[in-house]
Number of protein chains: 2
Amino acid sequence: MPMTISEVSERFGLSQDTLRYYERIGLIPPVRRSASGIRDYGEEDLKWIDFVKCMRQKAGLPVEMLIEYLALFQQGDGTLDARKTLLVEQRGRLAEKIDDMTSTLRRLDDKIARYEQTIGGKEQALRAP
Amino acid sequence: MPMTISEVSERFGLSQDTLRYYERIGLIPPVRRSASGIRDYGEEDLKWIDFVKCMRQKAGLPVEMLIEYLALFQQGDGTLDARKTLLVEQRGRLAEKIDDMTSTLRRLDDKIARYEQTIGGKEQALRAP
DNA sequence: CTACCTCCTGGAGTCCTCTCCAAGTCAAGC
DNA sequence: GCTTGACTTGGAGAGGACTCCAGGAGGTAG
């Protein structure tokens, strides 16, 4: 079951350009090629793509960090500690971002509530006289 | 109490360039000037800056949207509904982002937990023989 | 008066993350 | 054997959000 770039692109909703770009900059490991140089994605590749997509699009982690993570990964078991440290650090940042966003969400809610009051007030004013 | 750009910059941790930039693109209202053209920030300005800083740095809302919000605001009460709609929409996006990040946080936690197991396992292996 | 500091403006430059493009190659169908 | 279509590459372009800079002016201190 050959997994071409177009199939992977479709499956993950990432453009072919983005997939090639990710590979080029070392965000995902080099993909195996057919005799004529065409990429053939394997299970492992798909896992990396899934991981990277999640960390980039959902968490917004910096590309830099993910490149470093893959680099460590490819250096083998000696980097387990370093990898874990990296993840823990990013986890911290992410948690912080979530906190920030949550407090901002509340702020927005307050603001919206005030709009509702104001607008409600106007409507009543229109109904009253 | 004149509030110069350097004071505002210090107070909010935004560079003077950023403050001028924000004003230029309509993210904050035009600031009053002294006779010689030097900005003198008032209470209202500070509130806008605080709001914008929060929405940009904490929530990551797009500059575009904030410009639109200010523009509506400056058009007066006729835009109350539109403004509220804008906020509600962004609130939704933000909530979604928070959800995404929260699920990613869990995923990171899982990954970290697995690293802990693996590394713990190694340590035990070292202690055992 | 001169020096100096902070401010001003408009425009160019930078960083990050893609995204697009031109030119070329290969496999398959007719 | 030629066309077609999906794939390849390296490099240029794009968009968002700043950030920096040159050149110039006002106010103050010595």
Side-chain angles (χ1 to χ4, degrees), chain A residues 1-42 45 48-49 51-70 90 93 97 100 104, chain B residues 1-42 45 48-49 51-71 90 93 97 100:
Chain A
M1 48 160 234
M3 198 66 169
T4 67
I5 197 166
S6 62
E7 287 164 331
V8 176
S9 164
E10 179 121 340
R11 175 146 157 191
F12 288 98
L14 294 171
S15 76
Q16 302 187 17
D17 272 321
T18 299
L19 287 170
R20 283 189 281 256
Y21 167 70
Y22 279 177
E23 186 179 342
R24 204 169 32 186
I25 65 173
L27 241 177
I28 57 176
V31 175
R32 193 164 50 85
R33 306 303 187 90
S34 79
S36 53
I38 289 178
R39 288 178 179 78
D40 181 8
Y41 292 82
D45 298 323
W48 274 102
I49 291 166
F51 175 67
V52 164
K53 185 191 172 188
C54 178
M55 293 304 147
R56 287 288 312 131
Q57 300 197 339
K58 292 193 166 180
L61 300 193
V63 164
E64 263 308 309
M65 173 267 162
L66 294 168
I67 290 175
E68 197 180 337
Y69 182 74
L70 175 56
Q90 293 302 320
R93 300 234 170 112
K97 264 200 277 184
D100 280 354
T104 303
Chain B
M1 49 157 232
M3 197 67 167
T4 68
I5 197 168
S6 61
E7 285 165 332
V8 176
S9 165
E10 180 121 340
R11 175 147 156 190
F12 288 99
L14 293 172
S15 76
Q16 301 186 16
D17 271 321
T18 299
L19 288 170
R20 282 189 282 255
Y21 167 70
Y22 278 177
E23 186 179 343
R24 202 166 35 183
I25 65 174
L27 241 177
I28 56 176
V31 175
R32 193 162 50 84
R33 306 302 186 93
S34 78
S36 53
I38 289 177
R39 287 176 180 78
D40 180 8
Y41 292 82
D45 297 322
W48 273 102
I49 291 167
F51 174 67
V52 163
K53 185 193 171 184
C54 178
M55 294 303 147
R56 287 288 312 130
Q57 300 198 340
K58 292 192 166 182
L61 300 193
V63 164
E64 261 309 310
M65 172 265 161
L66 294 167
I67 290 175
E68 197 179 338
Y69 182 74
L70 174 57
Q90 294 301 321
R93 300 233 171 115
K97 265 201 278 184
D100 281 353

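Labels below follow one simple rule: chain letters A, B, ... track the order of the sequence lines, proteins then strands, and each chain is numbered from 1.
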Margin query: Does any part of the side chain of A/R20, heavy atoms only, come nearer than 4.5 Å to the side chain of A/Q16, both counted from C-beta?
Written below: yes
Margin query: Counting C-beta onward and ignoring hydrogens, is there a side-chain heavy-atom pair between A/Y41 and A/L19 closer than 4.5 Å?
Written below: yes
Picking from [options], which would you name as closest to the side chain of [X]?
X: B/R20; options: D/dT8, C/dC8, C/dT19; value: C/dC8
X: B/V63; options: C/dC18, D/dA17, D/dC7; value: D/dA17
X: A/S36; options: C/dC26, C/dT19, D/dT8; value: C/dC26
X: B/R24; options: C/dT17, C/dG10, C/dT9; value: C/dG10
X: A/I5; options: D/dA17, C/dT17, D/dC7; value: D/dC7

May I ask you to say what [X] touches in the nucleic acid, namely base, sugar-phosphate or nothing, with a heavy-atom cut-off under 4.0 Å?
X: A/E64; value: nothing
X: B/R56; value: sugar-phosphate
X: B/S6; value: sugar-phosphate

Below 4.0 angstrom from OP1 or OP2 of [N], is there any side-chain N or O of [X]?
X: A/Y21; N: C/dC20; result: no
X: A/Y22; N: C/dT17; result: no
X: A/R33; N: D/dT9; result: yes
X: B/T18; N: D/dT19; result: yes
X: B/R39; N: C/dC7; result: no

Notebook entry, point to check: For A/V63, which of A/R56, A/E68, A/M55 qualifies under side chain to side chain contact (heavy atoms under 4.5 Å, CB included)?
Noted result: A/R56
Check: What about B/D17, does its side chain sit under 3.5 Å from the base of D/dC18 through a donor-acceptor pair?
Finding: no
Next item on the list: Would you please test A/R11 and A/V8 for side chain to side chain contact (heavy atoms under 4.5 Å, CB included) and show each step?
Entry: CA-CA 5 Å; A/R11 175 146 157 191; A/V8 176; 5.5 Å; no
Note to self: Taking the ring centre of each residue, are B/F51 and B/Y69 less than 6.0 Å apart?
What the structure shows: yes
